[in-house]
Amino acid sequence: MGTGILTIDLDAAAANWRALARLSRGETGAVVKAGGYGCGAAEVATRLAREGARRFFVATAEEGAELRRALGEGPEIGIFSGHMAGDTAQIRDHALTPMLNSPEQAARHRAALPGQPYGVQIDTGMHRLGMQPPDWAALRDDLEAGPLVLVMSHLACADDPMHPKNASQLKCFTEMSAGITAPRSLAATGGILLGPDYHFDLTRPGVGIYGGLPFADAQPVLRLSLPVIQTREIGPGDTVGYSATFTAAETTRIATISAGYADGLIRHMSNTAHLFADAVPCRLAGRVSMDLLTVDITHLTEVPDHLDILGPQQTVDRLAEAAGTIGYEILTSLGHRYERRYLGQ
Ligand SMILES: *Cc1c(COP(=O)(O)O)cnc(C)c1O
C-alpha cells in the first residue's frame, strides 16, 4: 500500500484528559476544534464523553454542527467564534452555545434566539477575541440575566510559567468576573499547569489531550508509519531530490518514502528531520517533495518496509522542532491521505 498509516490511540488521549482533569480544581472540558487538532473531532469527543467530559469547544458553528451529529443530545458544545451573521440556524438546530465576543454578537444572539444559552468571552489582555472591559462593564448586568452559562477568557502566555502576563491576566479576569454567578473559565492546557489559582470552575484543555506540550507528562497519541516505496545506492558526489540539496559524501543508501508536504510534512523539514526504523533514527536527505521523502538509511542492516515519523521515538513537538514550528501546527496539518486507524474506539 502506498499511503501512510496514522494510528490514533484514543486510550492515550483519554488518559491524558483524565490526568488533566485530576490536576483541575473544578470541571474539565475538552477542546476539539480543527477536527480534534487533526486527530478526529468525532472520534476523540465520543471517547472523552465516555470518560465523563460534558463540555466541548470548537472554533466555528459549522464544526459545532458536525460535532453535535457525533455526540448526540446532551453535552454542551461551545463556539469560540461566537454568534456570527449566518450562524443562527445552526446554533438553534444543533443546540450550540456561542461564546459571545462583542456587543454586536450579544445583540444578534439575543434578538435571534431569545432564551437560548450563551457564554461570554472577555478580553483580559490577549487582545484577540472577547469583549473589551468597557463593553463588558456596560452590558454585564443585562447579559447576566441570562441564560448565561459561562464567562471565559484566554491566556496569551500560559506556556511560559514565568511570564508576567499570566498574573496580570489572572488579576484582570478575577476583577472583571467578580460576583458573577455563572461558571468561570480561564485555563487551557498551559493554564492548568500554572496551578489552581488559574482554574476557576472549568478548564478547557486542548493540545495536552493530543499529547502535545506544554503538557510534558502526556502520553503519545499518534503513530505515523510511512511506507518505503524503493531504495537505491548512490555514489560519492551524487545528489538527491529537487535542487540537489543533498550530496552523498560516500556510498549511500537512499529510501524513498510515500508522504510529502501535501500530507503536512512541511518543506522546512528538508535535510533536518528524522524518521525512525524502530528506535534507529534516519535523516531526511534532500528536499521534501509533494508526495515523497528521501531518507538516508545507509546505517541500517535491513531495508524496512516502513519508517515512522511520529511515535514514541518522536513526539509532535520533537518533529516540530526540526520543522521550525510548534506541535499544534504539526497536529493540525496532518494529511487527509493517510489511512486512519483508531485504537480504543
Ligand atoms: C484553542 C483554545 C483552547 C485550548 O488551548 P490548548 O493550548 O490547546 O490547551 C482553549 N481556549 C481557547 C479560547 C482556545 O482558542
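Numbering of ligands and ligand atoms starts at 1, following listing order.
Residue Q121 has no nitrogen or oxygen atom sitting less than 3.5 Å from a nitrogen or oxygen atom of ligand 1, judged on distance alone. Residue-to-ligand polar distances place G206 within reach of ligand 1: an N/O pair is separated by less than 3.5 Å. Residue contacts with ligand 1: V207 is placed with a nitrogen or oxygen under 3.5 Å of a nitrogen or oxygen of the ligand (distance criterion only).
Ranking protein heavy atoms by distance to atom 7 (O) of ligand 1, first place goes to Y328 OH, 2.6 Å.
Residue R50 places its CZ atom among more than 12 non-hydrogen atoms of other residues, nucleotides or ligands, all under 6.0 Å distant.
The aromatic rings of F57 and F80 lie parallel to each other, with less than 30° between the two planes, well short of the 60° mark. The aromatic rings of Y37 and Y210 sit parallel, their planes meeting at an angle under 30°, below the 60° perpendicular limit.
Looking at T245 and N271, their side chains do bring a donor and an acceptor atom within 3.5 Å of each other.
For F57, the closest heavy-atom approach to ligand 1 does not fall below 4.0 Å.
Contacts between R204 and ligand 1 below 4.0 angstrom, taking non-hydrogen atoms only, involve backbone and side chain alike. Residue-level proximity to ligand 1 for M126 is absent, since no heavy atom of it falls below 4.0 angstrom.
A salt bridge links R337 to D291: at least one charged side-chain nitrogen sits closer than 4.0 Å to a carboxylate oxygen.
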